[in-house]
Amino acid sequence: MRDTIRTMDTIKQLLPRAVQHNGIAASIDAARVVTTATLVLEDIFDPTIAARMRPLYLKNRTLTINCDSTTVAQELKLRETEILTKLEDRLGAKLIDRIRYFS
């Protein structure tokens with residue numbers, strides 16, 4: 001039993017280093033950003049509006065969101081600062097500098 005506990009402690013220590021070393025961390029962060037962005041949009045906007053916005057990916061600290069109309073894209077732009085603030089709060093780190101959107 002004691003050996004199992006030591007093995008688990010070793011895995012807990014090695015896993016974060018392995019993730020960083022293999023370059024997986026950036027992909028994990030990007031997936032977290034997209035998932036969290038979906039939740040933040042649902043919190044900020046009316047459900048019918050939020051359903052018309054779809055976070056796609058994070059690249060170079062820019063979150064790209066697809067909007068189904070220019071009107072929805074404008075709503076997103078008006079609340080960009082609020083969205084970025086809420087994302088930083090939920091993620092616990094500033095992973096996004098700006099939002100790019102298209103319709």
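Here the structure is a predicted model, which means the values were calculated and not measured. Note that these values count all heavy atoms, side chains included, but never hydrogens, waters or copies made by symmetry.
Considering only residues two or more places apart in sequence or on other chains, Glu88 meets the salt bridge (charged side-chain N to carboxylate O under 4.0 Å, His left out) condition with none of them. With sequence neighbours left out, Arg54 forms a salt bridge (charged side-chain N to carboxylate O under 4.0 Å, His left out) with no residue at all. Contacts of Lys77 classified as side-chain hydrogen bond (donor to acceptor under 3.5 Å, both in side chains), with partners at least two apart in sequence or in another chain: Glu80. Applying the side-chain hydrogen bond (donor to acceptor under 3.5 Å, both in side chains) rule to Asp68 yields the partners Arg52; only residues at least two apart in sequence or on another chain are considered. Thr71 pairs by the side chain to side chain contact (heavy atoms under 4.5 Å, CB included) definition with Ser69, not counting sequence neighbours. In this structure Thr81 satisfies the side-chain hydrogen bond (donor to acceptor under 3.5 Å, both in side chains) test with no other residue, sequence neighbours excluded. Taking Thr70 as the reference, nothing meets the side-chain hydrogen bond (donor to acceptor under 3.5 Å, both in side chains) condition, with sequence neighbours excluded. For Asn60, there are no side chain to side chain contact (heavy atoms under 4.5 Å, CB included) partners two or more places apart in sequence or in a different chain. Partners of Arg61 according to the salt bridge (charged side-chain N to carboxylate O under 4.0 Å, His left out) rule, which considers only residues two or more places apart in sequence or in another chain, are Asp97. Scored by the side chain to side chain contact (heavy atoms under 4.5 Å, CB included) test, Glu42 finds Thr38, Leu39, Ala50 as partners (sequence neighbours excluded).
Between Lys86 and Asp89, none of the side-chain N atoms (NZ, or NE/NH1/NH2) sits under 4.0 Å from a carboxylate O, so this pair counts as no salt bridge.
Atom CZ in Arg32 sits 9.5 Å away from atom OG1 in Thr35 (nearest 0.5 Å). Interatomic distance, Ile83 CD1 to Ile44 CD1, rounded to the nearest 0.5 Å: 5.0 Å.
Looking only at side-chain heavy atoms (C-beta outward), Asn66 and Ser103 stay at 4.5 Å or farther from each other. For the pair Thr62/Ile96, no side-chain contact is recorded, criterion being any heavy-atom separation below 4.5 Å from C-beta on. For the pair Leu76/Leu41, a side-chain contact is recorded, criterion being any heavy-atom separation below 4.5 Å from C-beta on. For the pair Met53 and Tyr101, the minimum side-chain heavy-atom distance is 4.5 Å or more. Side-chain contact between Leu84 and Ile99 is present, with at least one heavy-atom pair separated by less than 4.5 Å.
Atom NZ of Lys94 has more than 12 neighbouring heavy atoms from other residues, nucleotides or ligands inside a 6.0 Å radius.
A donor and an acceptor atom, one from each side chain of Arg100 and Thr64, are located under 3.5 Å apart.
Under a 4.5 Å side-chain heavy-atom criterion applied to ILVMFWY residues, the cluster that includes Tyr57 comprises Leu56, Phe102 as well.
In this structure, Leu63 and Pro55 approach most closely via the heavy-atom pair CD1-CB, 4.4 Å.
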